[in-house]
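To start, the structure under review is shown below, and the notes come after it.
A note on names: the letters A, B, ... follow the listed sequences, proteins ahead of strands, and every chain is numbered from 1.
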There are 2 protein chains.
Amino acid sequence: MAENNVYRKLLMQKGLRITNVRVKVLEILDGAETPMTVEEVFNLLRNMITSVNLSTVYRTMDVLLKNGLVEKTTLMDFNKSMYEYKRVEHKHHLVCTVCNRMISIEDCPIDEYAREMCNKQGFELTGHKLEIYGICPNCK
Amino acid sequence: MAENNVYRKLLMQKGLRITNVRVKVLEILDGAETPMTVEEVFNLLRNMITSVNLSTVYRTMDVLLKNGLVEKTTLMDFNKSMYEYKRVEHKHHLVCTVCNRMISIEDCPIDEYAREMCNKQGFELTGHKLEIYGICPNCK
DNA sequence: GTGCATGCAAAGTCTTTGCAGGATA
DNA sequence: TATCCTGCAAAGACTTTGCATGCAC
């Protein structure tokens, strides 16, 4: 239950109510290697909680997103929203265009570049997203 | 009609039939500053062609995509497919998180980086996508 | 003329919303 | 207890598909 407290604390800090679903969703996403679809999270949840509803998962994702606890992604050519636990050090992904498998990349080469581009256009930087597409060894 | 021939030639080179819709879609996307939604393309098409159907536009996008004549994008937090004319020199975009306005960025800092990451993981590089998010001057 | 493209209508998939009952603070 | 969360069902948005007709080659 110790790690659970991490998620409870996060929710509390954001002034959100601590509910079973929210804690479990954070736990699932934090434990995931890569972004997950809503349905994937939902399926895991069903094994942990007696009764959950898909729409609750959608609403939960929305709340977590608006409060900066998760990030939302959409792959090109895969029309489903994917969510990932938001860490301090952000990650990018290598995505297989055949099987959609994703591998996390730790280091980020473009923080500086993003800052420059925003300055040049008068934008206030809020973030960036980089995905590298390729064909993984299994699919070659 | 001169530029039109460019698109006709492109279609021909790919072994595709040259139809009014396909030529016009390429023309529209080529003339656009930024990626467009299917609906946006559809609305422009209606002013150019007497009768078009949304599903035809979807099918056209699909054909053009599979033949490498356009690229598909999905912004985070905006669940619509967007398409853009595929040029030799690819572009990235600065996206306003408030109004979704996009600005094209010409130079790309990560070709080399993408290659390295793929090599390291045994992937065969097929492409990458970079989007920088911020708040544009109008929305600040 | 043959085969692919298109219009039209219907279905499919993912996501959102309204409302009543239930849980949290 | 007041307020927010959740389950359930229905609706909504975007996209895909089947079939008959029309057009490109």
For [X], check side chain to side chain contact (heavy atoms under 4.5 Å, CB included) against everything at least two apart and list the hits.
X        : value
A/Glu33  : none
B/Glu116 : B/Glu112
A/Glu106 : A/Lys91
A/Tyr133 : A/Leu75, A/Met76, A/Val95, A/Thr97, A/Glu131, B/Thr126, B/Lys129

Send over the distance from [X] [atom1] to [N] [atom2], rounded to a whole Å.
X       : N      : atom1 : atom2 : result
A/Ile49 : D/dC5  : CD1   : P     : 15 Å
A/Arg46 : D/dT6  : CZ    : P     : 17 Å
A/Leu16 : D/dT3  : CG    : P     : 18 Å
A/Arg22 : C/dA25 : CZ    : P     : 10 Å
B/Leu11 : C/dC4  : CG    : P     : 16 Å

message = Using a heavy-atom cut-off of 4.0 Å across all strands, would you classify A/Val63 as base, sugar-phosphate, or nothing?
response =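 Touches nothing.
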Q: Check every strand shown and say whether B/Val52 touches a base, only sugar-phosphate, or nothing at a heavy-atom separation below 4.0 Å.
A: sugar-phosphate
| task | Would you check if there is a donor-acceptor pair between the side chains of A/His128 and A/His92 at a distance under 3.5 Å? | result | yes
Could you list the donor-acceptor pairs under 3.5 angstrom formed by side chains in residues 15-22 of chain A, with sequence neighbours left out?
from: A/Thr19; atom 1: OG1; to: A/Arg22; atom 2: N; distance (Å): 3.3
from: A/Arg22; atom 1: NH1; to: A/Arg17; atom 2: O; distance (Å): 3.1

query: Quick one: is C/dT24 close enough that its OP1 or OP2 comes under 4.0 Å of any side-chain N or O from A/Thr19?
result: no
- Task: Rounding to 10 degrees, work out the angle separating the end axes of the helix from C/dG1-D/dC25 to C/dA25-D/dT1 (five pairs an end).
- Result: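 About 40° separates the two local helix axes.
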Please say whether more than 12 non-hydrogen atoms of neighbouring residues, nucleotides or ligands are located less than 6.0 Å from NZ in A/Lys140.
-> yes
Check side-chain hydrogen bond (donor to acceptor under 3.5 Å, both in side chains) between [X] and all other residues, then give those that pass, not counting sequence neighbours.
X        : result
B/Asn100 : none
A/Asn67  : none
B/Tyr85  : none

Per-nucleotide protein contact along nucleotides 9-17 of chain C, 5' to 3', at a 4.0 Å heavy-atom cut-off (B base, S sugar-phosphate only, - neither), is B----SBBB
Write out a two-atom table: protein N or O, nucleotide N or O from nucleotides 20-22 of chain D, distance below 3.5 Å.
none

In short, salt bridge (Lys or Arg N to Asp or Glu O under 4.0 Å) pairs touching residues 48-63 of chain B with sequence neighbours left out are B/Asp62-B/Lys66
